K.L.:
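Here it is: the structure, laid out below.
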There are 2 protein chains.
Amino acid sequence: MTVATSTRELAHPEHTEIRLEAVLHALADPLRLRVVRALADADRELACSHFELPVTKSTSTHHFRVLRESGVIRQTYRGTAKMNRLRGEDLDALFPGLLDSVLVAAGAQAKRLGDG
Amino acid sequence: MTVATSTRELAHPEHTEIRLEAVLHALADPLRLRVVRALADADRELACSHFELPVTKSTSTHHFRVLRESGVIRQTYRGTAKMNRLRGEDLDALFPGLLDSVLVAAGAQAKRLGDG
DNA sequence: GCCTTACTACGATGAGTATCGTAGTAATCC
DNA sequence: GGATTACTACGATACTCATCGTAGTAAGGC
């Protein structure tokens with residue numbers, strides 16, 4: 001018998017530990033930006049395996065860690081899966097409007113470049 | 001006798017060549033973000049020498065080039081000086097609200113951390 | 001022409017990071 | 001327990017980038 005949630009815990013920066021430079025750096029990578037956009041569009045938790053990124057699993061792990069450690073996403077284990085969700089409220093409290101304008105900008109650019 | 005403006009020209013990305021990832025990367029560096037904030041606060045052209053950055057001249061040149069080549073600033077020679085101004089309108093047309101929210105976020109964080 | 005000011009080009013260096021492959025753990029299913 | 005799924009830790013590698021020092025250019029003042 002096991003309890004409903006896993007005991008494995010992951011380190012996340014507190015509210016006050018989130019740095020603008022780290023968030024911008026996390027968002028500046030095309031693969032990570034793609035993940036963030038997908039999470040925003042889905043508006044729910046998504047497993048790492050949901051994303052089909054053109055890199056190996058280990059590289060994916062790396063990118064998800066960068067997103068988590070910068071404070072952009074929150075990650076929790078759920079069975080064998082690792083679920084990801086945007087820390088939208090935390091970010092908006094710290095940096096009002098920032099995430100939204102990045103998402104809108106990313107959408108506009110994708111449309112403009114024809115890969116969105 | 002010389003004409004009023006220099007003939008030296010600098011390469012700038014066109015409107016359509018500006019990439020969100022490059023802009024975010026440019027803004028993700030503390031020194032470059034400091035420059036951008038100063039330009040926004042001043043609301044006018046500032047010479048490179050106006051900024052007293054804690055790095056050598058060559059490193060400064062490097063950071064200003066990153067800002068220019070990403071499309072964040074426009075640089076023009078004026079005598080022996082090189083003047084810098086934000087490409088606020090270009091950026092706002094491409095990515096509405098992005099620069100503003102970054103500037104507000106940077107201001108808020110500087111206040112919060114006591115170095116603004 | 002000479003000197004000063006302001007920026008630059010180049011090469012070197014060290015730190016960071018994106019990538020991979022291999023081997024491994026943790027939870028779940030049968 | 002054994003098999004499967006999903007993610008991870010580690011070491012290696014190559015690439016990018018922030019930094020510097022030196023030597024150099026371009027414009028303007030004397």
Side-chain angles (χ1 to χ4, degrees), chain A residues 1-12 19 21-36 39 45-70 72-85, chain B residues 1-12 19 21-36 39 45-70 72-85:
Chain A
M1 170 200 156
T2 49
V3 287
T5 56
S6 165
T7 53
R8 286 182 288 171
E9 289 293 330
L10 288 160
H12 289 83
R19 291 288 174 276
E21 293 86 346
V23 170
L24 293 175
H25 173 252
L27 297 176
D29 181 273
L31 252 50
R32 292 193 292 257
L33 188 54
R34 191 202 289 198
V35 168
V36 169
L39 287 173
E45 286 190 334
L46 294 176
C48 289
S49 53
H50 173 271
F51 301 89
E52 301 202 350
L53 302 176
V55 290
T56 62
K57 290 282 182 67
S58 6
T59 304
S60 279
T61 299
H62 161 70
H63 285 302
F64 280 105
R65 183 169 45 229
V66 171
L67 286 171
R68 172 170 48 84
E69 293 182 345
S70 66
V72 175
I73 65 172
R74 189 171 293 278
Q75 296 190 293
T76 48
Y77 286 105
R78 194 93 72 211
T80 68
K82 194 182 200 174
M83 308 303 292
N84 305 276
R85 60 182 189 277
Chain B
M1 172 201 159
T2 49
V3 288
T5 57
S6 165
T7 55
R8 285 182 289 172
E9 288 294 330
L10 288 159
H12 289 83
R19 291 289 174 276
E21 293 85 344
V23 170
L24 292 176
H25 173 252
L27 297 176
D29 181 274
L31 251 50
R32 294 194 290 257
L33 189 54
R34 194 203 286 199
V35 168
V36 170
L39 287 173
E45 288 191 333
L46 293 177
C48 289
S49 54
H50 173 271
F51 302 90
E52 301 202 348
L53 301 177
V55 289
T56 62
K57 289 282 179 68
S58 7
T59 303
S60 279
T61 299
H62 162 69
H63 286 300
F64 280 105
R65 182 169 48 229
V66 171
L67 286 171
R68 170 170 50 83
E69 292 182 345
S70 66
V72 175
I73 65 172
R74 189 171 292 279
Q75 296 190 291
T76 48
Y77 286 104
R78 194 94 71 213
T80 68
K82 194 181 201 176
M83 308 303 292
N84 305 277
R85 60 182 188 277

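Being a predicted model, the structure only gives us computed values, none of them experimental. In the text below, chain A, chain B and the rest are named by the order of the sequence lines, each starting its count at 1.
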K.L.:
With B:Thr59, which residues qualify under side chain to side chain donor-acceptor pair (under 3.5 Å), at least two apart?
P.N.:
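Listed in chain order: B:Thr56.
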K.L.:
Between C:dC7 atom C1' and B:Phe51 atom CZ, what is the distance in whole Å?
P.N.:
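Value for this atom pair: 14 Å.
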K.L.:
Between protein and nucleotides 15-20 of chain D, map the contacts as a letter string: B base, S sugar-phosphate only, - none, heavy atoms under 4.0 Å, written 5' to 3'.
P.N.:
--SBBB
K.L.:
What is the distance, to the nearest angstrom, from the CD atom on B:Glu9 to the C1' atom on D:dT25?
P.N.:
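Result: 17 Å.
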K.L.:
Which pairs of donor and acceptor atoms, one on a side chain in residues 21-30 of chain B, lie under 3.5 Å apart (sequence neighbours left out)?
P.N.:
residue: B:Glu21; atom: OE1; partner: A:Gln109; partner atom: NE2; Å: 3.0
residue: B:Asp29; atom: OD1; partner: B:Leu31; partner atom: N; Å: 2.9
residue: B:Asp29; atom: OD1; partner: B:Arg32; partner atom: N; Å: 3.2

K.L.:
According to salt bridge (charged side-chain N to carboxylate O under 4.0 Å, His left out), who are the partners of B:Arg19, at least two apart in sequence or on a separate chain?
P.N.:
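Result, salt bridge (charged side-chain N to carboxylate O under 4.0 Å, His left out) vs B:Arg19: none returned.
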K.L.:
Please name all residues satisfying salt bridge (charged side-chain N to carboxylate O under 4.0 Å, His left out) with A:Arg74, sequence neighbours left out, ordered by chain then number.
P.N.:
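With neighbours one apart ignored, the set is A:Asp90.
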K.L.:
By nearest nucleotide on DNA chain C, pick out whichever of B:His50 and A:Ser60 is the more 5' one.
P.N.:
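Counting from the 5' end, the first nearest nucleotide belongs to B:His50.
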K.L.:
To the nearest 0.5 Å, how far apart are CZ in A:Arg68 and CD1 in A:Ile73?
P.N.:
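Between A:Arg68 CZ and A:Ile73 CD1, I get 7.5 Å after rounding to 0.5 Å.
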K.L.:
Could you tell me how far apart B:Phe64 (CZ) and C:dA9 (C1') are, to the nearest whole angstrom?
P.N.:
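Whole-Å distance recorded here is 17 Å.
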K.L.:
Which residue, A:Ala81 or A:Arg65, contacts DNA chain D at a nucleotide closer to its 5' end, judged by nearest heavy atom?
P.N.:
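The 5'-side residue here is A:Ala81.
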K.L.:
Could you tell me the separation between the CZ atom of B:Arg8 and the C1' atom of C:dT5, rounded to a whole number of Å?
P.N.:
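Rounding to the nearest Å, CZ of B:Arg8 and C1' of C:dT5 are 12 Å apart.
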K.L.:
Please identify each residue that fulfils side chain to side chain contact (heavy atoms under 4.5 Å, CB included) with A:Glu45, with sequence neighbours left out.
P.N.:
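Only A:Thr76, A:Arg78, A:Met83, A:Arg85 meet the side chain to side chain contact (heavy atoms under 4.5 Å, CB included) criterion with A:Glu45.
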K.L.:
Can you tell me how far C1' of D:dT25 sits from CG of B:Leu10, to the nearest Å?
P.N.:
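That distance rounds to 14 Å.
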K.L.:
Scan A:Ser49 against the nucleic acid and name what it touches under 4.0 Å (heavy atoms): base, sugar-phosphate only, or nothing.
P.N.:
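Contact class for A:Ser49: sugar-phosphate only.
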